[in-house]
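One structure below.
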Amino acid sequence: MQRFFPFVLLSLIPVACAQPGIISTVMGNGVPFAAGCSGAAVSAGIRGTAASVTADAAGILYVYDGDGHICKVSASGGLSTLRDQPMQGPIALDGQGNLYFASGGFVAKMPAGGGAPAFIAGGFIPGYSGDGGLATAAALNPTGVVFEQSTGRIYIADTLNHRIRMIAPSGITTTIAGTGVQGFSGDGGLATAAQISLPQGMAMDKVGNLYFCALERVRRINTNTGIITTVAGNGSVIGLGENVPATSTGLGGPTYVAVDEAGTLHISETGVNRIRRVNAQGLISTISGQGIPGFSGDGGPATAAFLFGPSSMSIDSAGNIYFVDQFNNRIRKINGSPTITVDPGELTFSSQNGSTPPNQTVNVTTTGSGGFTVTVATASGGNWLSATPTSGTLPATLTISANPTGLLIGSYSGTVTITAPGTSNSPKVIPVTLNVSGASVPNITAVVNASGYQAKLAPGVVFTIFGTFLGPASLTVAPAPNYPLGLSTTSVRFSPSGGGAATSARMIYTSSGQVAGHLPSSVTPGVYQVRVTYLGATSDPFNVTVVARSIGIAAANSAGSGPAQASIATVNGGLSLIRNSEGTLDFGGFTWRLTPARGGDIIVFWGTGGGADLANDTGGSSGNQTAAGSFFVTIGGRSITPQYAGTSSGFPGLWQVNVPLPADIATSCTVPVLITGGGEPSNAVTIAIAGPGQTTCGP
């Protein structure tokens with residue numbers, strides 16, 4: 001019967017939806033035949049399956065129409081010819097108006113204005129060679145190229161060689177990612193040691209990050225450090241997640257990426273006919289396409305439009321997105337949303353000996369207009385961070401304050417989040433650091449049973465201490481079952497009030513305002529003085545009473561009252577939580593069953609403080625102690641002898657009490673429960689009990 005089911009902390013985090021842009025066609029009449037670059041762009045034909053597009057900062061388009069023509073689309077929608085020639089393949093643009101092609105076995109550069117192109121890397125015969133030498137002597141298998149304006153470097157997607165290569169301004173080529181072996185590996189390490197698979201569709205941001213598609217993922221290389229990571233896709237082709245972490249969902253055939261001025265990533269998900277966006281928090285959402293092939297939506301919101309095989313993509317400085325809707329034989333545009341800018345992008349406060357640091361200001365501007373809201377959060381240390389105003393109209397100046405009162409020596413982190421609906425790079429998150437120096441002494445305000453919050457403890461109990469200056473600003477947790485005697489310099493000692501040797505508790509977690517530990521089973525009942533030591537400073541003693549048994553029942557509110565955090569052994573293999581009505585919850589890789597209890601069920605109550613068990617101190621269990629501890633459970637006024645009352649293997653201090661409910665037990669959403677062991681009552685909790693066939697608890 002012994003199994004451990006972790007207590008579940010549930011939270012729902014609302015995610016704001018991005019405002020949709022308006023979609024339109026800027027080139028192509030739907031006919032897969034290109035006659036040249038003249039007349040109105042929307043009347044011209046393009047062969048979408050081979051076409052590519054790139055935009056300059058002003059929104060002027062450069063288009064390879066798929067049939068040997070390189071066209072320029074003016075702001076007014078007129079066409080002009082840059083080149084009529086058999087060159088083909090994805091095109092890229094540098095800041096001087098030069099165009100780059102990746103095709104066959106070469107990369108070529110065409111001067112601004114449409115002059116004759118010249119090979120800058122590779123040749124007519126595809127292959128792999130040439131690292132360390134001139135790019136013109138190298139062999140390639142490329143399908144993509146991108147130019148980095150700040151350095152003059154040219155990056156090549158050497159697709160069939162499963163590498164990313166770079167041409168330095170000197171003309172020397174090197175491999176910056178990939179071993180040449182197709183596969184997926186290396187995240188978090190040097191890109192040169194990683195396996196990549198058929199890279200294509202590259203884009204650069206302003207800070208030196210190179211993004212590229214690799215089968216069902218989008219990966220990123222920090223060209224300053226050489227480190228590679230995955231930023232979207234989990235390797236699956238199935239990706240229906242919206243407003244979820246981009247790395248947690250699949251991608252259906254990503255082929256091209258583009259990055260806007262704010263560094264926001266956009267993905268052509270060609271295989272499932274969508275354009276996706278990954279925001280600053282790493283959450284992915286669909287900004288155009290229904291996932292079903294088709295053509296519709298011009299003049300309306302892009303989120304309602306139908307696409308068919310979106311591919312080559314580019315973004316201008318205003319955030320307008322241009323892409324080839326290849327099987328619709330068109331180039332389409334999604335109007336860009338305004339962006340916001342914050343200055344400075346991070347803040348640091350310093351406090352010494354409790355002094356309050358001066359306020360700091362943040363300027364928030366936008367390329368558009370509208371309102372904003374501000375929220376603050378701290379990772380530890382309580383509510384020491386604040387911002388004013390919390391809402392208003394942009395542009396605005398925010399005042400940020402840090403209050404170190406009650407904080408222990410150390411470094412604290414927080415965030416100021418600015419949300420501006422309708423902007424493409426909202427929300428903006430400003431990291432905030434508060435460094436506190438000076439002398440502080442731990443102070444204990446309460447010592448309780450960690451589950452039931454009773455003041456009486458028992459040998460082998462998991463206890464919680466509340467107070468100030470008890471540990472570091474950030475929560476530190478030790479792994480079970482080998483809890484250490486000290487954790488992040490926090491330690492706890494129990495000294496007999498009548499004198500004698502102190503007993504050191506095993507530390508489970510520590511933080512500034514709360515620590516938890518495991519009291520060894522070898523401790524005998526009596527009155528003890530508890531002291532916490534942190535960073536060499538020790539608290540005044542706090543008196544607690546230890547009795548033979550004082551079991552606490554875990555509650556759903558984690559504070560020892562209200563509904564119990566109990567499960568039903570006979571429902572869903574024990575992966576269940578007793579709640580007022582039926583449902584399911586996906587959490588921790590499992591699907592949990594939510595349900596009221598019913599007569600005949602075996603209820604499993606979890607908690608701590610059932611008494612000494614030396615085997616459990618190291619993660620074992622001495623088994624059932626129902627008789628030895630005189631355990632009985634009162635449910636709805638009825639006294640029931642447990643099937644099992646004892647420790648649970650793997651977690652020192654964790655107890656479980658398995659109780660069969662009588663078939664005729666009274667039904668209610670708040671049936672009272674009390675567990676008595678060794679004559680000591682537990683905290684009072686409730687469970688929900690429904691009648692046979694009922695899906696919710698009732699009278």
Side-chain angles (χ1 to χ4, degrees), residues 32-34 36-37 46-54 62-72 81-94 96-148 152-182 196-202 210 212-214 255-256 311-312 324 326:
F33 173 76
C37 310
I46 67 169
R47 186 160 58 88
T49 54
S52 62
V53 61
T54 188
Y62 299 82
V63 178
Y64 171 65
D65 68 3
D67 270 330
H69 312 104
I70 302 170
C71 305
K72 182 177 180 179
T81 301
L82 288 179
R83 188 83 179 170
D84 285 324
Q85 59 172 35
M87 281 289 200
Q88 62 178 358
I91 57 176
L93 190 69
D94 65 18
Q96 289 73 47
N98 302 304
L99 282 170
Y100 298 82
F101 302 82
S103 180
F106 63 85
V107 174
K109 173 183 177 181
M110 187 178 76
F119 285 4
I120 61 170
F124 286 112
I125 302 176
Y128 174 74
S129 69
D131 273 0
L134 289 173
T136 50
L140 313 168
N141 258 305
T143 64
V145 60
V146 67
F147 183 87
E148 186 177 21
R153 298 168 180 163
I154 299 169
Y155 296 93
I156 302 167
D158 199 355
T159 305
L160 296 182
N161 288 318
H162 310 296
R163 291 176 167 91
I164 304 290
R165 302 176 78 178
M166 185 267 289
I167 305 174
S170 64
I172 300 299
T173 186
T174 54
T175 294
I176 67 161
T179 63
V181 177
Q182 182 177 7
I196 62 178
S197 185
L198 299 171
Q200 61 177 321
M202 300 184 301
L210 176 67
F212 65 94
C213 298
T255 56
Y256 284 84
S311 58
S312 175
V324 175
Q326 59 178 325

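Taken from CZ in R47 to CG in D67, the straight-line distance is 4.5 Å, to the nearest 0.5 Å. Taking CZ from F33 and CD1 from I46, the interatomic distance works out to 13.5 Å, rounded to the nearest 0.5 Å. Rounded to the nearest 0.5 angstrom, Y62 OH and C71 SG are separated by 12.5 Å. Note that the CG atom of L140 and the CD1 atom of I156 stand 5.0 Å from one another [nearest 0.5 Å]. In this structure, OG1 in T159 is found 7.5 Å from CD1 in I164, a value given to the nearest 0.5 Å. Between L198 atom CG and T255 atom OG1 the span is 12.5 Å, to the nearest 0.5 Å.
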Carefully, step by step, assess T49 and Q326 under the rule side chain to side chain donor-acceptor pair (under 3.5 Å). CA-CA 5 Å; T49 54; Q326 59 178 325; 5.5 Å; no
When you look at F124 and F119, which way does the ring-ring contact (aromatic ring centres under 6.0 Å, His included) test go after all the steps? CA-CA 10 Å; F124 286 112; F119 285 4; 5.0 Å; yes
Stepwise side chain to side chain donor-acceptor pair (under 3.5 Å) test for Y100 and D94: CA-CA 8 Å; Y100 298 82; D94 65 18; 2.9 Å; yes
For N98 and L93, what are the C-alpha separation, side-chain angles and deciding distance, and is it a side chain to side chain contact (heavy atoms under 4.5 Å, CB included)? CA-CA 6 Å; N98 302 304; L93 190 69; over 6 Å; no
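With a 4.5 Å cut-off on side-chain heavy atoms, P169 and R153 count as touching. Between N161 and T175 there is no side-chain heavy-atom pair separated by less than 4.5 Å. The closest side-chain heavy-atom distance from H162 to Y128 is not below 4.5 Å. Under the 4.5 Å side-chain criterion, counting only non-hydrogen atoms from C-beta, I154 is not in contact with V146. The closest side-chain heavy-atom distance from T173 to D131 is below 4.5 Å. E148 places none of its side-chain heavy atoms less than 4.5 Å from the side chain of L210. Using a 4.5 Å heavy-atom threshold, the side chains of F101 and I70 count as touching. F212 is listed as a side-chain neighbour of I196, based on a closest heavy-atom distance under 4.5 Å.
Heavy-atom minimum distance, A51 versus S312: O-CB, 4.2 Å. Pairing each heavy atom of T179 with each of R163, the nearest pair is O-NH2, 3.2 Å. For the pair Y155 and M202, the tightest heavy-atom approach, listed with the atom from each and the gap, is O-CE, 3.0 Å. Nearest heavy atoms, I167 versus I120: CD1-O, 4.1 Å. Of all heavy-atom pairs spanning A157 and P199, the tightest one is CB-O, 3.6 Å. Summarising the geometry of T81 relative to C37, their closest heavy-atom pair is OG1-CB, 3.2 Å, with the distance given to 0.1 Å.
For D158 (side chain) and N141 (main-chain N/O), a donor-acceptor pair under 3.5 Å exists by modelled atom type. T54 places no side-chain N or O within 3.5 Å of a backbone atom of A92 that could act as its donor or acceptor partner.
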